[in-house]
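Below is one structure, written out as structure tokens; comments come after it.
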2 protein chains.
Amino acid sequence: MARPTIADIARRAGVSKGAVSFALNGRPGVSAATRERILRVAEEMNWRPHSAARALGGARAGTVGLVLARPARTIGLEPFFGQLLSGLQAALSTRGTALQLLVVEDTAAEIEVYRRWTSEHRVDGFVLVDLQVRDPRVPVLEELGVPAMVIGGPGRHGRLPSVWADDREAMLSLVEYLAALGHRRIAHLAGLPAFQHTRRRIRAVRDGARRLGLEAVSLPTDFSDAEGAAATRALLARPRRPTALIYDSDVMAVAGLGVAAEMGVAVPGELSVVSFEDSALARIVHPALTALTRDTFALGEQVARALLALLDDPGTARDIKNPTPRLTVRESTAAPGDRTA
Amino acid sequence: MARPTIADIARRAGVSKGAVSFALNGRPGVSAATRERILRVAEEMNWRPHSAARALGGARAGTVGLVLARPARTIGLEPFFGQLLSGLQAALSTRGTALQLLVVEDTAAEIEVYRRWTSEHRVDGFVLVDLQVRDPRVPVLEELGVPAMVIGGPGRHGRLPSVWADDREAMLSLVEYLAALGHRRIAHLAGLPAFQHTRRRIRAVRDGARRLGLEAVSLPTDFSDAEGAAATRALLARPRRPTALIYDSDVMAVAGLGVAAEMGVAVPGELSVVSFEDSALARIVHPALTALTRDTFALGEQVARALLALLDDPGTARDIKNPTPRLTVRESTAAPGDRTA
DNA sequence: CAGTATGACTAAACCGGTCTAGCGAAGGGG
DNA sequence: CCCCTTCGCTAGACCGGTTTAGTCATACTG
């Protein structure tokens, strides 16, 4: 038999379709004995639910969506997304839910996908990343009334619940670490100012530097290796150049490392380099990068669990705090002017 | 009105559901005038097909699957998949088809996903990557009778059609390039020997070296930065160490670069380094890596188009050749012993 | 002009589940 | 002992499309 349906099971078990549906979904309406028998028959016949049939009838689509807006041909998935993806899928798969991933060109296209997938009933909910300052996606998702979890925060994402890590606290710890090493002039190679987390990190650098009496400057970039390199070149060419650089991403930090090597600036002897984002990339370059480490896989799991809970009960929208990233010291940082390093 | 259905359109246009279905799908059965009117009404009401309803009734699921088997926490580093994904999606989206991506732990789990998604009608077809030597996934997909496109080849994938690039030709061009620079002792840091492309590349290195009278050795690794680094360390510690290294992946090449720096071996002065895989990563490290460049985005598009054609007409299974990767020379290669570099 | 082919369209079955209304039997309360 | 509730289950509507069988009017054929 090709693909048994619940009608086949019902016939074989001598019950009705309804009884089979109840039994297979673990809901009341059948006795324990009958349920047992039905499950055994379903197992024997190797029955699998037809996802489309289930999605019809107003039930779940069994899928949640993740849409990334970035130019298609630029760098592939950053390690962050690979990890996040795996974490999301790990948690979702325990509940038979799939993750639909789509990469689009820009935010407008992203919003269009939200509308389409919602009206086509393709997904039950969304995961939102890269929260922007006055994020246009938030009101759209609220209007669509579709469950969604935001990664990032706190605050500024309307009524949508979020999972967030304390970027401010993390950045402060970075600045304090550099200050403790003896650095007095630091620079921060930030990401796109349109992102909320970029703004938060810039503010944290400013506040931390002020408190510790450091000179600090933040330079916004577009997160690309090209701009990271260009900004680094400009900084190192200054007469009183900084003795430590904080990069918002591992890719930019690696690009910066390349510029330092090219300009003959020794790392960490003459320049300390720190990445706000840890990854395999940060480990394999030479010198290995001191970086903020966070468990992105676990973050993904947490987000997925929260979204599943939200699907079960739309009332449970609450913000959840993720552990603050911890500093992993490697070879790219030292006291300023330490010629032995 | 929440979500109009074809019944709503039918009522408004004063025709039957069937007529609407015919009109919206561009098939005969309605006059041009009626079709026009129905389309206008559908547009006015902002109608969108309900993907589940369509998938029921034996029609398309409107989705194809890509399942990657690799340890959950390691993915994301390779730019290859990001590019491939974007290319696949670009071509698929022109036909309203979505891509379902899943990362699983191993090949056994991957096969289980093929079975499940097929029996659940979740996808219409699959894209298969990382072809292995006696790949157990091939017979399963053949048995399931589900359309699938293989990336890799040529040969050794049963009746499944593939899109392939000439790895052998590419590797030979690499070896010839190094020989022309004057290298006589080269080593090849290969990937997992279980992969067909790894075997092909190893054979190409051996054949090329024999023809050109070089000493060559291939060392298999697991593609990880750790093994890449370890193998590099072992090679450079040999008394008569090679003057050029070919890495099967950019990640390993970067790790190797780190080892060389650590051991005080100048690149490219004392050692030339080449990566078989180009990427942003290869560009941003210092020195920038000479690498084989291929248009992975275009590859993805090509695969997607071939798969869509296969869905339309299961008879059209043909292997397609992708352009051979071209060498991009950067800073990591020079003549052996060139102290000016 | 009868007979038939063709085109436009309708009605209804169908895909494979979910879910509600309802029914008979058993159990419990007063 | 009767009524009412609860339990276990069935029948069938329903989700939103696709597809087939069939109807009717018109055009074509000989």
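Order of the sequence lines sets the chain letters (A, B, ...), proteins ahead of strands, with each chain counted from 1. Just so it is clear, the structure is predicted and the values come from calculations on it, not from any experiment.
Between B:Glu120 and A:Arg54, none of the side-chain N atoms (NZ, or NE/NH1/NH2) sits under 4.0 Å from a carboxylate O, so this pair counts as no salt bridge. Ionic pairing of B:Asp312 and B:Arg95 is present here: one or more N-O contacts between side-chain nitrogen and carboxylate oxygen are shorter than 4.0 angstrom.
Within the helix from C:dC1-D:dG30 to C:dG30-D:dC1, the inter-axis angle between the opening and closing five-pair segments is 40°, rounded to 10°.
Remark: of the listed residues B:Glu110, B:Glu142, B:Glu143, B:Glu110 is the sole one forming a salt bridge (charged side-chain N to carboxylate O under 4.0 Å, His left out) with B:Arg137.
Residues passing the salt bridge (Lys or Arg N to Asp or Glu O under 4.0 Å) test with B:Arg35, sequence neighbours excluded: none.
Whole-Å rounding puts the B:Trp47 CH2 to D:dG16 P distance at 12 Å. Between the NE2 atom of A:His50 and the C1' atom of D:dT18 there is a distance of 13 Å, given to the nearest Å. For the pair A:Phe22 CZ and C:dT18 C1', the computed distance is 8 Å after rounding to whole Å. Distance B:Leu56 CG to C:dT18 P: 12 Å, rounded to the nearest Å. For A:Glu120 and D:dC15, the CD to C1' distance is 16 Å, given to the nearest whole Å. Regarding A:Arg122, its CZ atom lies at a distance of 17 Å from the P atom of D:dG16, rounded to whole Å. Across the protein-nucleic acid pair, A:Asn25 atom CG and C:dG17 atom C1' stand 9 Å apart, rounded to whole Å. The separation between B:Arg54 atom CZ and C:dG16 atom P is 18 Å, rounded to whole Å.
Put simply, the side chain of A:Lys17 and the base of D:dG12 share no donor and acceptor less than 3.5 Å apart.
Using the six-membered ring where Trp is involved, B:Trp117 and B:Phe126 have ring planes that are parallel, under 30° apart on the 30 and 60° scheme.
Heavy atoms only, all atoms of each residue included: B:Met45 and B:Pro4 are closest at O-CG, 3.2 Å. The two residues A:Ile320 and A:Ala306 come nearest to each other via the heavy atoms CD1-CB, 3.8 Å.
The listed nucleotides are C:dG16, C:dT18, D:dT10; the one nearest the side chain of A:Ser16 is D:dT10.
Checking side-chain atoms of A:Gln100 against main-chain N and O of B:Ala98 turns up no donor-acceptor pair under 3.5 Å.
For B:Ala53 and A:Val15, each mapped to the nucleotide of DNA chain D holding its nearest heavy atom, the one lying further toward the 5' end belongs to A:Val15.
For A:Ser21 and C:dT18, the shortest distance from a side-chain N or O to OP1 or OP2 is below 4.0 Å.
Of the residues in residues 26-42 of chain A, those with a non-hydrogen atom less than 4.0 angstrom from any atom of DNA chain D are A:Gly29, A:Val30, A:Ser31, A:Thr34.
Side-chain contact annotation: A:Gln132 with A:Thr107, donor-acceptor N/O pair under 3.5 Å present.
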